[in-house]
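This report concerns only the one structure given below.
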Amino acid sequence: MDQIYYMDNNATTRVDPAVLQAMLPYFTEKYSNPSSAYGFAQECRGAVENARKAIASTINSDPDEIVFTSGGTESNNMAIKGIALSHRNKRSHIITSSIEHPAILNPCKYLELNGYDVTCLPVDKTGLVDPEDVKKTINKNTILISVMMVNNEIGTVQPVDEIGKIAKEAGVLFHTDAVQAFGKISIDVKKSNVDMLSLSSHKFHGPKGVGILYIKKGIQFLPIMQGGSHEKHRRAGTLNVPGIVGMGKAVKIASRDMVKNNEHIAGLMNALKEGLLNVMQTIKINGHLEKRVKNTLNFSLKNMRSQDILMMLDDKGFLVSSGSACSSGISEPSYVLRSLGLSKEYLYGTIRISLGKYNTQEEVDSFLEVFPQVVLKLKK
């Protein structure tokens, strides 16, 4: 394989060189445990706090409300279980949606097995949750609403501001998984009335293995990991200083360049979408056509198998997916697409392309040349 065309940026992203450079000293020169008492640890503590401030400023929170984690999955588990456990003798109802990431749905299933009541709201054919459904579902036992900001498979942007307002008026806590949102759309936890929010560094050109959970001050929250007093007793474990420094740098870059990156990516995606529709009229675009992030295109081909397409594209150097990387290897069709009501003839032939700031027009042109050939060969 002569060249790699990476077009799966919702799965993960390439680390920005500036992020890597910021991290390197904290592996070899500034390697102290930031929780240590001696002076050598002071610079590491300062670097952690600088990253905390940078992240807080981009989502309009206070630095004390930022808790460092190992990534989106841990942050989501902390939010769901931490709130549920802290209210276990009072209220036991949780509201979420049918198209959440497994890092939300599986903790909710775990809680159901332990006596909690979980409502998974349906979505319409574009992947949108109806805020009125949220409002109608709230009852006196509702503890928490968790609805993602952007869906990782189809790119639909949820009406988080409306849901947050409903939650606040009802006196119910609101969490949003914003892992696929950061760097693509603006995030303001105060404007959206968000009580908790999850982010993961590797989705916006930072390192893997680090993320945050924003927890609004005053929230009754029970940590799910016990140990030392790290993160003000909210998340035990020695801090990943290089990762945290890298995330802080990635946050600054993504925030600074969001408008420029969106313009670049939107141009590429428009060319890609128009090119596909011009040569393959039977393609069905999944998700909302307007309320979506600019980098994600999810489409289905009639009576085809995505795994066959992906294998042939991989042989030619094009790296795309059929959905969430966290569900790869599962032969069943995407539960997200099932929730949209996609017909069986389209359900198995779904491709997701997610572009990033390093993608080029040359890559898009090459894909548009190769993809129809792959499909034609498979049809024959």
Side-chain angles (χ1 to χ4, degrees), residues 1-16 19 71-73 99 101-103 127 148 150-156 177 179-184 200-209 211 250 254 261-262 264-273 275-276 283 285-287 292-301 304-331 333-337 348-371 374-375:
M1 189 184 298
D2 296 329
Q3 189 169 354
I4 293 292
Y5 302 92
Y6 186 74
M7 306 171 84
D8 195 21
N9 286 271
N10 283 7
T12 195
T13 57
R14 168 182 154 192
V15 173
D16 189 297
V19 170
T73 293
I99 63 167
H101 190 275
M148 66 194 342
V150 173
N151 184 265
N152 49 305
E153 291 193 29
I154 57 176
T156 295
D177 174 352
V179 165
Q180 291 291 347
F182 191 86
K184 301 169 187 173
S200 187
S201 166
H202 76 105
K203 302 296 187 180
F204 47 89
H205 303 284
K208 297 175 182 66
N261 289 340
N262 275 339
H264 168 68
I265 292 167
L268 296 180
M269 190 57 83
N270 288 337
L272 179 62
K273 184 167 67 173
L276 287 171
I283 282 179
I285 306 295
N286 302 314
R292 64 188 303 128
V293 287
K294 299 181 186 301
N295 84 310
T296 304
L297 179 65
N298 186 300
F299 62 91
S300 298
L301 295 98
M304 299 200 71
R305 292 195 339 148
S306 58
Q307 293 306 314
D308 297 333
I309 300 170
L310 294 179
M311 287 174 64
M312 290 190 69
L313 287 174
D314 189 10
D315 287 341
K316 296 179 181 298
F318 292 92
L319 308 184
V320 299
S321 72
S322 58
S324 172
C326 298
S327 300
S328 63
I330 298 174
S331 59
S334 160
Y335 65 88
V336 172
L337 298 181
Y348 288 86
T350 298
I351 302 296
R352 181 190 71 180
I353 297 174
S354 46
L355 302 180
K357 66 181 182 180
Y358 293 121
N359 287 115
T360 65
Q361 186 63 51
E362 178 194 357
E363 291 176 314
V364 169
D365 293 341
S366 297
F367 183 86
L368 289 172
E369 181 181 347
V370 168
F371 186 75
V374 166
V375 173

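What you are looking at is a predicted structure, and each value in this text was computed from that prediction instead of being measured. As a basis for the values below, the full set of heavy atoms in this structure was taken, side chains included, without hydrogen atoms, waters or symmetry mates.
- Proximity of Phe299 to Lys273: side-chain heavy atoms (C-beta onward) are nowhere separated by under 4.5 Å.
- In plain terms, the two heavy atoms of Ala271 and Gln361 that are nearest each other are CB-NE2, 4.0 Å.
- Under the side-chain contact (heavy atoms from CB on, under 4.5 Å) rule, Val320 has a single partner from Leu310, Asp8, Ile309, which is Leu310.
- When side chains are defined from C-beta on, Leu368 counts as touching Leu272, because their heavy atoms get closer than 4.5 Å.
- Under the side-chain hydrogen bond (donor to acceptor under 3.5 Å, both in side chains) criterion, Glu369 pairs with no residue, sequence neighbours left out.
- The ring pair (Phe, Tyr, Trp, His ring centres under 6.0 Å) test applied to Phe367 returns Phe318, Phe371, not counting sequence neighbours.
- Checking side-chain atoms of Asn151 against main-chain N and O of Ile99 turns up a donor-acceptor pair under 3.5 Å.
- The closest side-chain donor-acceptor pair between Asn295 and Asn261, if any, does not fall under 3.5 angstrom.
- Side-chain contact between Asn286 and Ser300 is present, with at least one heavy-atom pair separated by less than 4.5 Å.
- To the nearest 0.5 Å, atom OH of residue Tyr6 and atom CG of residue Asn359 are 9.5 Å apart.
- Looking at residues two or more places apart in sequence or on another chain, you find a side chain to side chain contact (heavy atoms under 4.5 Å, CB included) between Ala254 and Phe182, Phe204.
- If you run side-chain hydrogen bond (donor to acceptor under 3.5 Å, both in side chains) between Glu153 and each of Ser334, Ser322, Ser321, Ser354, only Ser334 comes through.
- A heavy-atom distance below 4.5 Å is found between the side chains of Leu276 and Leu297.
- Paired with Asn298 under the rule side-chain contact (heavy atoms from CB on, under 4.5 Å), one option of Ile351, Ile353, Asn10, Leu337 passes, and it is Leu337.
- Side-chain atoms of Asn270 do not come within 3.5 Å of backbone N or O of Gly267 as any donor-acceptor pair.
- The ring pair (Phe, Tyr, Trp, His ring centres under 6.0 Å) check on His202 picks up nothing, with sequence neighbours excluded.
- Counting only distance, with no hydrogens or angles, the side chain of Ser201 and the backbone of Pro207 share a donor-acceptor pair below 3.5 Å.
- Residue pairs meeting the salt bridge (Lys or Arg N to Asp or Glu O under 4.0 Å) criterion with at least one member in residues 353-364, sequence neighbours excluded: Asp16-Lys357.
- Looking only at distances, no side-chain donor or acceptor of His101 sits under 3.5 Å from a matching main-chain atom of Thr73.
- Of all the heavy atoms in Arg352 and Asn152, the pair that sits closest is NH1-O, 2.7 Å.
- Between the NZ atom in Lys203 and the NZ atom in Lys184 there is a gap of 8.0 Å [rounded to 0.5 Å].
- Minimum heavy-atom separation, Lys294 to Ala266: CD-CB, 3.7 Å.
- The two residues Val370 and Lys316 have their closest heavy-atom pair at CG1-CD, 3.3 Å.
- With sequence neighbours left out, Val15 forms a side chain to side chain contact (heavy atoms under 4.5 Å, CB included) with Val19, Leu20.
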Report the C-alpha distance between Val150 and Thr156 in whole Å, list the side-chain angles of each, state the deciding distance to 0.1 Å, and finish with yes or no for side-chain contact (heavy atoms from CB on, under 4.5 Å).
CA-CA 6 Å; Val150 173; Thr156 295; over 6 Å; no
